[in-house]
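Only a predicted model underlies this, so the values are computations on that prediction, with no experimental measurement involved. Each residue takes its place number in the sequence, starting with 1.
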Amino acid sequence: MKETAIFYGSTSGNCEGIANKIAKALGVSNVFSASQLDAAKIASYDNLILGSSTWGCGDLQDEWYDGVEVLKSADLSGKTVAVFGCGDSCGFSSTYCDAMGQLYEAAKGAGANMVGAVSTDGYSFDESASVVDGKFVGLALDEDNESDKTDGRIAAWVEEIKPLL
């Protein structure tokens with residue numbers, strides 16, 4: 001596997017915990033807060049895994065506000081990017097994991113090779129900006145209502161993306 005880094009935005013600690021679980025499953029030691037994302041770090045890694053919890057009505061977690069602009073202005077051609085998101089499928093069912101969709105759009109727009117789409121089968125939600133062509137653009141997780149499914153979903157996702165990194 002090429003050099004890989006994980007960047008996450010987390011307020012309650014859920015998304016940070018997920019980032020660390022993904023890192024452990026992939027054998028990656030480079031895990032950073034999204035507030036640490038800059039052009040130099042992007043240049044240092046071949047693969048980026050980006051995660052955010054969704055807040056308010058589909059908003060990125062606060063640490064991503066500058067980071068998403070860094071992503072948009074970067075040249076990510078030749079880099080492989082996967083995204084993951086945390087959301088509340090019950091309380092915010094119409095904006096479930098929308099922030100993950102914003103990370104996906106920023107990275108894809110900057111030329112990244114996007115990997116890790118996940119079927120929406122087995123999920124309960126009304127709408128999500130992170131669904132494209134009937135699939136989530138990355139790994140969607142709900143630690144508030146479906147934490148019992150998290151480890152299995154991470155394991156399946158990591159198995160899918162690892163050969164691509």
Side-chain angles (χ1 to χ4, degrees), residues 1-11 14-23 25-87 92 95-120 123 125 127-141 153-154 156-165:
M1 187 169 66
K2 296 179 181 175
E3 285 295 312
T4 301
I6 299 173
F7 293 90
Y8 66 87
S10 186
T11 300
N14 286 345
C15 204
E16 180 179 8
I18 297 302
N20 287 316
K21 285 182 177 190
I22 292 168
L26 286 171
V28 170
S29 59
N30 305 307
V31 182
F32 305 98
S33 164
S35 63
Q36 296 175 287
L37 183 67
D38 59 26
K41 279 204 174 63
I42 288 174
S44 298
Y45 298 100
D46 300 301
N47 305 312
L48 303 173
I49 299 175
L50 313 172
S52 180
S53 49
T54 299
W55 290 90
C57 293
D59 298 325
L60 281 166
Q61 193 274 342
D62 291 348
E63 293 170 356
W64 270 112
Y65 283 117
D66 291 335
V68 77
E69 295 306 318
V70 171
L71 284 175
K72 288 177 181 178
S73 65
D75 177 6
L76 298 180
S77 56
K79 297 194 182 289
T80 298
V81 175
V83 293
F84 68 96
C86 296
F92 294 91
T95 58
Y96 180 60
C97 289
D98 277 4
M100 177 172 62
Q102 293 178 50
L103 294 178
Y104 171 86
E105 290 298 330
K108 183 178 178 187
N113 173 38
M114 301 302 298
V115 299
V118 172
S119 172
T120 59
Y123 286 86
F125 65 100
E127 294 181 46
S128 178
S130 67
V131 174
V132 174
D133 297 328
K135 289 186 169 188
F136 286 111
V137 296
L139 177 62
L141 299 166
R153 287 176 172 167
I154 289 172
W157 189 66
V158 165
E159 184 176 317
E160 179 187 331
I161 68 169
K162 193 171 188 174
L164 306 172
L165 300 177

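Ser53 meets the side-chain hydrogen bond (donor to acceptor under 3.5 Å, both in side chains) test with Trp55; sequence neighbours excluded. With sequence neighbours left out, Tyr96 forms a side-chain hydrogen bond (donor to acceptor under 3.5 Å, both in side chains) with no residue at all. Residues passing the side-chain contact (heavy atoms from CB on, under 4.5 Å) test with Glu69, sequence neighbours excluded: Lys72. For Phe92, the side-chain contact (heavy atoms from CB on, under 4.5 Å) partners two or more places apart in sequence, or in a different chain, are Asp88, Thr95. Residues passing the ring pair (Phe, Tyr, Trp, His ring centres under 6.0 Å) test with Tyr65: none are found, sequence neighbours excluded. Residues satisfying the side-chain hydrogen bond (donor to acceptor under 3.5 Å, both in side chains) criterion with Ser119, sequence neighbours excluded, are Asp121. Not counting sequence neighbours, Ser73 has no partner by the side-chain contact (heavy atoms from CB on, under 4.5 Å) test. In this view, Ser44 satisfies the side-chain contact (heavy atoms from CB on, under 4.5 Å) rule with no residue, not counting sequence neighbours. Shown here are the side-chain hydrogen bond (donor to acceptor under 3.5 Å, both in side chains) partners of Ser10, two or more places apart in sequence or in another chain: there are none.
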When the side chains of residues 158-165 are checked against the rest of the protein, which donor-acceptor pairs come out under 3.5 Å, sequence neighbours left out?
none

Ignoring hydrogens and angles, write down the donor-acceptor pairs under 3.5 Å from the side chains of residues 98-112, residues two or more places apart or on other chains.
| unit_1 | atom_1 | unit_2 | atom_2 | d |
| --- | --- | --- | --- | --- |
| Asp98 | OD1 | Ala129 | N | 2.6 |
| Gln102 | NE2 | Gly58 | O | 2.8 |

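To the nearest 0.5 angstrom, Thr80 atom OG1 is 10.5 Å from Leu76 atom CG.
Applying the salt bridge (Lys or Arg N to Asp or Glu O under 4.0 Å) test to pairs two or more places apart or on separate chains, none has a residue in residues 41-67.
For an aromatic pair to be called close, the ring centres must be under 6.0 Å apart, and Tyr8 with Phe84 fails this.
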